[in-house]
Amino acid sequence: MQVLTPAQPTMNHHHPFAEPLAPLQVSIVVPIYNEEESIPHLYQRLTEELEQLAIAYEIIAIDDGSKDRSFALLHALAAADPRLRVVRFRRNFGQTAAFSAGFDRARGEYIITIDADLQNDPADIGRLLDKANEGYDVVSGWRENRQDPYWNRRLPSQIANRLISVATGVYLHDYGCSLKVYRTDVVSNIQLYGELHRFIPAIASWQGVAVTELPVNHYARQYGKSKYGISRIVRVLLDLITVRFLLSYATRPMQIFGLFGLLSILFGTLTGLYLVALKLFLNQSIGDRPLLLLAVVLVILGFQFLSMGLIGELVVRTYFETQGKPIYVVRQELNPPPARSEQE
Ligand code: UDP
Ligand code: MG
């Protein structure tokens, strides 16, 4: 016969707030900025869909400093549903920061990002996961039939997608679609800044991951307003330059700056020598020639580039060394040695 003493905690395996026994399969990450009308609908549709798929999941909602009732609504929903986790930012930090907070907390094997405004369709999640299960690390949604205005949304986005594809070598029709599936270990390696979230597939490709896309539904915004204006175009362009640079030269800035520098010095010197020859041998006056200016500028510019390259090298070394960041990404290890901390 078993006797329970009062000191022994009683275990109740059916407690509704117990952690799920099965490992989480997916973490849904939802950035939210003033979406009070959409939240109840989104929550209901997500929950229905995920329960129907019969997968163990958590929803991580990030309230990105909303000024409406978004947080109050999330608070009420989370009180009744432990699968809903809510992170509340102190102020509006932007969609990229919201994603980043979600990624930091995700415990699922896969992360699914989705907008809160119901423009994406939770019903697509099953197909995206199936695709991921075929062996892809990133499955990007493609809003083939996008319901947004043409001139200030779809057209700039089409151009951006072409540019990003060519610049990064990762060809996707729709970088801007929020509905995407990532293997969690892929994004946990990526530090996000600025507006970089749309470049994750391209940045991830540096790690050598398999990226693909799948057409998904898209709807016009039903409630609330879009949070972005036309200025996003410029920011995306600048980010593209950053990403392109990071992808190709981040670990060796001297290779690109140094090359420009050397070329610039070379042409500057040749031009200068030509002018010197004119002066010495043909006794021409060179003081008023624009070419002289060019020669001087090229040489100065060349040394500027060289020093930029050297400074870049220093910055990169600091970056990798202070963060203990390896310059490689491991996929798998067989018979790995015990971790450093366990050795002693
Ligand atoms: N969002 C956010 N922080 C922001 C801007 C947007 O969390 O600073 C969220 C927003 O609530 C929505 C998603 O990001 O869930 C996409 O924003 P939006 O629908 O305004 O972008 P669009 O669809 O117009 O490109
Ligand atoms: Mg939207």
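Ligands are counted one by one from 1 in listed order, and the atoms in each one are counted from 1 as well. Because only heavy atoms are used, hydrogens play no part in the values below, and waters and symmetry mates are left out as well, while side chains stay in.
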> Which residue owns the protein heavy atom closest to atom 19 (O) of ligand 1, what's the atom, and how far is it?
Replying inline: Asp117 OD2, 2.5 Å
>> Could you identify the single nearest non-hydrogen protein atom to atom 24 (O) of ligand 1 and state the distance to 0.1 Å?
In response: Ser226 OG, 2.6 Å
> Is there a side-chain contact between Thr212 and Glu134 (heavy atoms, below 4.5 Å)?
Replying inline: no
> Any nitrogen or oxygen of Arg146, main chain or side chain, under 3.5 Å from a nitrogen or oxygen of ligand 1?
Replying inline: no
>> Is it the case that the side chain of Ser27 and the backbone of Gly108 share a donor-acceptor pair, with hydrogens and angles ignored and the cut-off at 3.5 Å?
In response: yes
>> Considering the Mg ion (ligand 2), could you give the total of protein N/O/S atoms lying closer than 2.8 Å?
In response: 2
>> For Tyr182 and Phe103, take the angle between the two ring planes, folded into 0 to 90°, and tell me which bin it lands in: parallel under 30, tilted 30 to 60, perpendicular over 60.
In response: perpendicular
> Between Arg127 and Asp130, is there a salt bridge with N-O shorter than 4.0 Å?
Replying inline: no
> So, does Arg83 use its side chain to make a donor-acceptor pair with the main chain of Tyr57 at under 3.5 Å?
Replying inline: no
> Which atom pair, heavy atoms only, marks the closest approach of Ala210 to Gly135?
Replying inline: CB-O, 4.0 Å
>> To check your reading of the model: name the closest protein heavy atom to atom 9 (C) of ligand 1, its residue, and the distance in Å.
In response: Pro31 O, 3.7 Å
> Looking only at protein heavy atoms, which one is nearest to atom 13 (C) of ligand 1, and how far off is it?
Replying inline: Asp115 OD1, 3.3 Å
>> To check you understand the geometry: which heavy-atom pair defines the closest contact between Val243 and Leu196, and what is its length?
In response: CG2-CD2, 3.6 Å
> Heavy atom under 4.0 Å from ligand 1: found in Ile32's side chain, backbone, both, or neither?
Replying inline: backbone
> If you measure from each non-hydrogen atom of Asn92 to ligand 1, which part falls under 4.0 Å: side chain, backbone, both or neither?
Replying inline: side chain
> For ligand 1, which atoms have a heavy atom of Arg221 less than 4.0 angstrom away?
Replying inline: 18 (P), 19 (O), 20 (O)
> Would a distance-only check, ignoring hydrogens and angles, find a side-chain to backbone donor-acceptor pair under 3.5 Å from Lys180 to Tyr175?
Replying inline: yes
> Among side-chain atoms of Arg153 and Ser157, is any donor-acceptor pair under 3.5 angstrom?
Replying inline: no
> Is the count of non-hydrogen atoms from other residues, nucleotides or ligands lying under 6.0 Å from Arg162 atom CZ greater than 12?
Replying inline: no
> Counting both backbone and side chain atoms, is some N or O of Ala116 under 3.5 Å from an N or O of ligand 1?
Replying inline: yes
> Counting heavy atoms only, which of Glu35, Arg232, Lys227, Gln95 is nearest atom 11 (O) of ligand 1?
Replying inline: Glu35
>> Just to confirm my output: which protein heavy-atom neighbour is closest to atom 21 (O) of ligand 1, and how far is it?
In response: Tyr228 CD1, 3.4 Å
> What is the nearest protein non-hydrogen atom to atom 1 (N) of ligand 1, stated with its residue, atom name and distance?
Replying inline: Tyr33 CB, 3.8 Å
>> Counting non-hydrogen protein atoms only, what is the nearest one to atom 23 (O) of ligand 1? Give residue, atom name and distance.
In response: Gln119 OE1, 2.9 Å
>> For Glu48, is there an ion pair with Arg45 - N to carboxylate O distance below 4.0 angstrom?
In response: no
>> When you compare the side chain of Ile55 with that of Leu129, does any pair of heavy atoms fall below 4.5 Å?
In response: yes
> Which ligand 1 atoms are under 4.0 Å away from a heavy-atom of Asp64?
Replying inline: 2 (C), 3 (N), 4 (C), 7 (O), 8 (O)
> Is the shortest side-chain N to carboxylate O distance from Lys227 to Glu35 below 4.0 Å?
Replying inline: yes
